[in-house]
Amino acid sequence: MVETRHIVFLGAFYAGLSASHYFLKHVYPHLPNEPEVQYKAILVDPSTKWFTRHAAPRAIIKEELMPTNLIFRDIESAYKQYGDKVEFLQGKATAWDERARTVSIQKANGESQTIDHWALILATGTKATSPLFSLQGTPHTDVESAIQEMRGRLASAKDIVIAGGGPAAVESAGEIGSEISSMERRQAASSAATVSLRPSREVPQSGGSRCTLQHESLLKSGSRRWQDKVILHDGEELETDIYIPAMGVRPMSEYVPDHLKNEKGYVIQNNSTLRVDAAGPRVYAIGDIGTYSNDGIMEIINGVPVMETNLKRDLLAAHLDPNGKAEGEDRLCVREEGEMQLVPVGRSKGVGAVFGWRIPSTLVWLIKGRDFMTSKANEYVSGKAVENLQGEGLRKPSEHGRQGH
Ligand SMILES: Cc1cc2nc3c(=O)[nH]c(=O)nc-3n(C[C@H](O)[C@H](O)[C@H](O)COP(=O)(O)OP(=O)(O)OC[C@H]3O[C@@H](n4cnc5c(N)ncnc54)[C@H](O)[C@@H]3O)c2cc1C
Ligand SMILES: *[C@@H]1O[C@H](CO)[C@@H](O)[C@H](O)[C@H]1NC(C)=O
Ligand SMILES: *[C@@H]1O[C@H](CO)[C@@H](O)[C@H](O)[C@H]1NC(C)=O
């Protein structure tokens with residue numbers, strides 16, 4: 001009888017895509033090839049498309065600035081190169097029994113399915129408050145329609161309130177500021193529009209009881225204009241043409257048992273090996289979802305080769321004996337303390353907001369190269385981004401430490 005061992009990746013975005021491509025390119029070929037024991041990767045995500053998340057602040061303005069077909073990329077077709085070594089399941093993980101080593105999946109077609117995992121990689125990331133800025137653990141069409149709606153409303157809005165103080169808020173303010181002060185727009189609108197930024201602390205986060213976000217869109221009688229109403233913490237009521245909540249992110253970890261999460265909902269892992277030790281053997285967390293990360297892309301680029309080396313060591317050790325433990329030293333993740341750099345936001349000098357965001361210099365392409373992001377996105381989707389990633393972000397545990405590959 002053939003035994004098929006599932007290597008399950010939950011989430012197929014930056015972290016899940018990078019980890020699964022890396023697995024199929026650099027780990028799978030090293031696994032023993034025996035007729036009676038087969039390995040198979042299973043990728044689970046409710047969204048079949050990649051969404052270029054950091055392009056969102058520009059994408060919400062108008063199609064000409066950031067065409068929809070460039071920010072959404074099909075991910076399933078990128079896995080055809082691996083044949084039947086991998087399967088893509090469009091669905092959402094709704095429960096995980098770490099003792100039985102099974103995950104329940106609510107599939108897009110309405111059916112539910114339980115899959116057992118030999119190894120499990122948690123990569124379900126974080127979601128922004130607004131569907132404008134991230135996938136929400138639902139199909140990408142939710143993001144797409146939110147962007148379309150926003151584009152329609154922005155065209156005629158007179159005042160826009162953005163809540164938050166992080167990159168999504170400030171970049172959006174910069175982009176909208178650039179747009180409303182553009183010539184074209186000034187000619188079209190009878191009077192000037194304003195965009196204002198409200199710090200997150202003034203605005204209720206959705207979730208808590210007293211803090212329920214009372215954010216309603218109502219078609220005001222007579223005015224025939226959409227208005228959003230926001231009630232701030234201090235009771236002040238804000239009425240505005242457009243309200244954009246852009247205040248931080250929350251982990252998408254509802255399916256993870258409580259004892260494996262910290263108080264904020266992030267998955268507790270060994271920040272060095274990236275294993276989730278409390279969940280049994282061969283379980284890992286990568287990307288925003290894990291405690292090792294500060295919710296950035298650098299941690300993914302640094303973390304993937306580390307996690308995969310440990311995964312490979314664990315798989316080889318357990319090939320003949322499920323309780324087999326990898327010998328020698330683990331590969332460890334070290335935090336990048338690179339040079340920091342200031343990055344301006346906004347399309348042209350003197351309009352909109354100019355904001356300094358401190359990020360490692362290696363990430364500057366993400367912002368400076370925003371217009372070229374689409375080619376970079378393709379590399380993540382196709383797996384090219386991880387082809388030569390093996391050496392980065394690694395520290396030799398010791399002179400004689402095992403390096404995997
Ligand atoms: C506006 C904006 C600008 C940014 N700019 C930068 C930047 O310049 N530099 C930088 O380093 N970072 C930036 N970030 C952060 C960066 O986008 C994140 O670090 C990155 O997206 C994290 O990737 P991830 O794969 O871990 O998680 P996510 O991007 O959150 O992806 C998670 C995936 O898991 C799926 N999923 C969710 N729940 C489930 C479930 N239950 N079952 C199965 N699948 C599920 C989702 O559909 C999604 O595909 C920015 C973020 C935003 C919002
Ligand atoms: C994390 O893993 C490393 C390497 O195996 C180990 O030395 C360390 O003790 C672990 N940390 C915790 C907190 O368990
Ligand atoms: C892992 O990192 C998080 C966030 O930086 C920290 O809160 C946590 O204590 C770390 N865990 C360990 C075991 O060091």
Side-chain angles (χ1 to χ4, degrees), residues 8-19 43-60 75 89-96 103-106 122-130 132-140 142-143 164 166-172 175 246 248-256 262-264 266 268-275 277-278 285-301 303-304 310 326 329-333 335 343 345 357 359-360 362-370 373 380 397:
V8 178
F9 296 84
L10 298 181
F13 198 51
Y14 266 114
L17 285 174
S18 303
L43 205 54
V44 182
D45 201 301
S47 173
T48 56
K49 296 222 176 165
W50 159 282
F51 165 50
T52 306
R53 201 165 152 171
H54 23 266
R58 183 160 293 180
I60 59 177
I75 47 183
L89 259 182
Q90 189 187 1
K92 180 178 179 132
T94 51
W96 167 34
V103 181
S104 311
I105 311 291
Q106 179 73 44
L122 309 173
T124 49
T126 51
K127 70 172 167 189
T129 317
S130 161
L132 292 172
F133 301 113
S134 79
L135 291 164
Q136 300 283 308
T138 60
H140 81 281
D142 288 358
V143 178
V170 179
E171 289 182 33
S172 298
E175 292 294 333
V249 292
R250 279 181 296 143
M252 293 191 271
S253 59
E254 291 86 351
Y255 64 93
V256 177
N262 71 11
E263 67 292 348
K264 288 186 176 146
Y266 289 92
I268 300 168
Q269 66 189 147
N270 182 310
N271 294 345
S272 304
T273 65
L274 308 188
R275 291 193 188 97
D277 290 316
I286 185 85
D288 282 12
I289 194 73
T291 49
Y292 90 103
S293 172
N294 281 331
D295 296 345
I297 290 156
M298 204 59 216
E299 286 99 329
I300 297 172
I301 295 167
V304 165
N310 294 331
E329 290 183 61
D330 288 320
R331 207 165 229 190
L332 306 177
C333 198
R335 224 177 252 289
V343 183
V345 171
W357 187 23
I359 58 168
T362 23
L363 282 185
V364 168
W365 63 266
L366 278 176
I367 295 180
K368 290 201 174 148
R370 195 177 293 282
M373 265 310 290
Y380 276 97

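From a predicted model like this one, the values you see are computed outputs, not experimental measurements. Whatever order the structure lists them in is the order used to number ligands and atoms, beginning at 1.
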In ligand 1, the atoms that come under 4.0 Å of a heavy atom of D295 are 15 (C), 19 (O)
Going by heavy atoms, is A128 under 4.0 Å from ligand 1? no
Report yes if the side chains of Y380 and T52 come closer than 4.5 Å at any heavy-atom pair, otherwise no. no
Can you sort out which atoms of ligand 1 are near I300, meaning under 4.0 Å from one of its heavy atoms? 22 (C), 23 (O), 26 (O)
At what distance is the nearest protein heavy atom to atom 4 (C) of ligand 2, and which residue and atom is it? T273 CG2, 3.6 Å
Is A56 in contact with ligand 1, taking contact as a heavy-atom separation below 4.0 Å? no
Suppose we measure from atom 5 (O) of ligand 2 to each protein heavy atom; which comes out shortest, and what is that distance? D330 OD2, 2.9 Å
Return yes or no for this condition: an N or O of Y292 is under 3.5 Å from an N or O of ligand 3. no
Classify the ring geometry between W50 and Y14 as parallel (under 30°), tilted (30 to 60°) or perpendicular (over 60°). perpendicular
For atom 27 (O) of ligand 1, state which one of G125, A285, A55 supplies the nearest heavy atom. G125
Ignoring hydrogens, just give me the one of N271, I268, N294, D277 whose non-hydrogen atom is nearest atom 1 (C) of ligand 3. N271
Nearest-contact summary for atom 6 (C) of ligand 2 - protein heavy atom, Å: N270 ND2, 4.1 Å
